[in-house]
Amino acid sequence: MIGRRAFLRTLGACAGLGAGVGYYTFRIEPEWLEIVTRPLPIRGLPQALAGKTLAHLSDLHISPLVSDEYLIQTFRRVAEAQPEIVVITGDLMSWHRGWRDHVAAVCQHVPRGRLATIATLGNHDYGPAWSDPRVAARLVDVVRSCGITVLRNEMFDADGLQIVGLDDLWSKHFAPQGVLGTLDRSRGAIALSHNPDTVDLPVWGDYQGWILAGHTHGGQCKPPFLPPPVLPVRNRRYTAGEFQLAGNRQMYISRGVGHSLPVRFNARPEATLFTLS
Ligand SMILES: [Fe+2]
């Protein structure tokens with residue numbers, strides 16, 4: 001039989017381990033950024049962009065739940081890479097009182113790409129129920145007044161590279177057909193789409209190439225070797241990282257910079273530095 005003293009020691013160790021994991025999950029990992037570096041091969045990439053950096057940020061969730069210092073420090077680290085292009089794939093904020101001034105203040109620090117700094121919208125950018133287009137319209141005004149281009153089912157030509165920015169799925173503003181139809185197939189293109197489930201919709205026509213996404217936060221809390229128990233996507237394969245898709249398309253899902261709830265375990269926040277080729 002286990003002695004009383006041994007039992008208390010084991011109990012103490014378990015409690016200590018639990019407290020340690022809790023501290024790590026709530027206080028350490030949510031703002032322990034990983035800078036991920038990867039190649040991004042694009043068919044038809046303009047020669048002048050070969051070897052240049054495209055920085056991908058997602059899910060900033062500017063709000064009282066994500067510290068401004070952490071976001072600004074993240075922006076500084078990304079700016080050090082001197083990116084040619086910066087893209088932000090949605091969930092710029094979580095709605096909160098005073099969000100306009102707050103977003104305006106933080107957005108001043110967003111790293112600028114030499115050629116382009118582009119944002120698209122996510123579900124949280126549409127207000128508390130993800131359904132208020134007036135919130136999104138005001139947010140777009142705020143972000144644009146910071147000098148950031150916001151694409152809503154539109155295309156931006158970055159020295160020959162076509163960057164398609166799609167609007168959000170859950171807010172029911174995802175409408176890619178028009179802009180995808182305008183692409184010049186002989187030139188390179190990438191697409192930005194907040195919600196990974198959009199890649200499974202029959203709307204992509206003959207678009208080929210990369211789709212950069214966010215939304216999942218990598219599951220936020222992921223048991224080792226197991227899928228995350230909570231994942232806000234229909235296709236539960238879409239956790240984080242690279243996916244080969246039908247139709248000669250590829251997707252990269254960023255784990256995102258911020259969070260909607262201040263917990264992360266085994267899904268560190270991410271800023272991605274792609275080298276274009
Ligand atoms: Fe998000």
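In this chain, numbering begins with 1 at the start of the sequence shown. Indexing begins at 1, ligand by ligand and atom by atom, following the structure's order.
Atom CZ of F243 is separated from atom CZ of R249 by 13.5 Å, given to the nearest 0.5 angstrom.
Aromatic rings of H61 and H124 (six-membered ring for Trp) have centroids within the 6.0 Å cut-off, being under it. A distance below 6.0 Å separates the ring centres of H173 and Y126.
Sorted by chain and number, the protein atoms of type N, O or S within less than 2.8 Å of the Fe ion (ligand 1) are D59 OD2, H61 NE2, D91 OD2, H217 NE2.
Counting heavy atoms of neighbouring residues, nucleotides and ligands inside a 6.0 Å radius, atom NZ of K52 does not exceed 12 of them.
Take D206 and apply the salt bridge (charged side-chain N to carboxylate O under 4.0 Å, His left out) test, not counting sequence neighbours, and it matches R185.
Of the charged side-chain nitrogens involved, none lies within less than 4.0 Å of a carboxylate oxygen, so that D200 and R234 do not count as a salt-bridged pair.
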